[in-house]
Amino acid sequence: MLNLVSLHTLFIIVSMAKKNLNRIKVMLAERNQTNKWLAEQVGKDPATVSKWVTNASQPSLEVIFKIAEVLKCNYTDLIRDVDEQESVIN
């Protein structure tokens, strides 16, 4: 049987799955770069990058590091903070 804490944690996980988990779109906009440009830089299909930018899917951790390198930022700049997500939920 789930206790209240476990239920809350489960709710957060499910809710986060429906939220924007990455900030790739924001970081591209700040640098005046396109999805197509990023796709070329990281060697991925533009359709794949489009899914990342719209948060329909998420890049692997390895790819997050590569994107950070290409965008000259810290990988943490590409990932939404859990506390930020929880504040949206609550």
Side-chain angles (χ1 to χ4, degrees):
M1 187 161 151
L2 290 174
N3 64 30
L4 189 55
V5 173
S6 297
L7 192 56
H8 183 263
T9 303
L10 181 60
F11 175 75
I12 289 171
I13 292 168
V14 170
S15 296
M16 285 179 66
K18 297 177 184 178
K19 302 287 180 191
N20 296 337
L21 296 178
N22 74 60
R23 301 181 66 245
I24 297 171
K25 182 177 185 174
V26 173
M27 298 302 285
L28 284 172
E30 287 177 359
R31 287 158 176 74
N32 295 316
Q33 295 295 349
T34 65
N35 296 3
K36 182 179 178 185
W37 173 85
L38 182 60
E40 291 168 356
Q41 300 302 307
V42 298
K44 298 292 182 181
D45 188 88
T48 300
V49 173
S50 178
K51 289 178 184 176
W52 298 339
V53 168
T54 60
N55 279 278
S57 69
Q58 301 301 321
S60 68
L61 208 50
E62 179 182 339
V63 174
I64 286 282
F65 286 123
K66 189 167 188 173
I67 293 170
E69 183 180 321
V70 166
L71 294 177
K72 297 181 170 88
C73 67
N74 191 302
Y75 74 94
T76 59
D77 296 331
L78 297 170
I79 302 167
R80 295 222 184 260
D81 190 328
V82 172
D83 292 335
E84 180 183 336
Q85 290 291 330
E86 285 184 2
S87 69
V88 171
I89 293 168
N90 295 326

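Here the structure is a predicted model, which is why all the values come from computation and not from measurement.
The environment of E69 atom CD is sparse: at most 12 non-hydrogen atoms of other residues, nucleotides or ligands sit within 6.0 angstrom. With a 6.0 Å radius and a threshold of 12 heavy atoms from other residues, nucleotides or ligands, Y75 has its OH atom at or below the threshold.
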If you look only at distance, which donor and acceptor atoms sit under 3.5 Å apart when one is on a side chain in residues 38-46 and the other is two or more places apart or in another chain?
{"from": "D45", "atom 1": "OD2", "to": "A47", "atom 2": "N", "distance (Å)": "2.8"}

Give the intermediate values and the outcome of side chain to side chain contact (heavy atoms under 4.5 Å, CB included) for residues R80 and L21.
-> CA-CA 5 Å; R80 295 222 184 260; L21 296 178; 5.6 Å; no
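Among all heavy-atom pairs drawn from R31 and L71, the shortest one is NE-O, 2.7 Å. For A68 against N74, the heavy-atom pair with the smallest separation is CB-C, 4.0 Å.
V70 is listed as a side-chain neighbour of W37, based on a closest heavy-atom distance under 4.5 Å. The side-chain heavy atoms of I24 and P59, taken from C-beta on, include a pair separated by under 4.5 Å. Using a 4.5 Å cut-off on side-chain heavy atoms (C-beta onward), N22 and N55 make contact.
Note that CG of L78 and CD of Q58 are 11.0 Å apart. Values are rounded to the nearest 0.5 Å. With rounding to the nearest 0.5 Å, the separation of OG1 in T54 from NZ in K25 is 8.0 Å. A distance of 6.5 Å separates CD1 in I79 from CG in L61, rounded to the nearest 0.5 Å. Rounding to the nearest 0.5 Å places CG of N35 at 11.0 Å from OG1 of T48.
Cluster membership check: W52 does not share its hydrophobic cluster with V26, using side-chain heavy-atom separations under 4.5 Å among Ile, Leu, Val, Met, Phe, Trp and Tyr.
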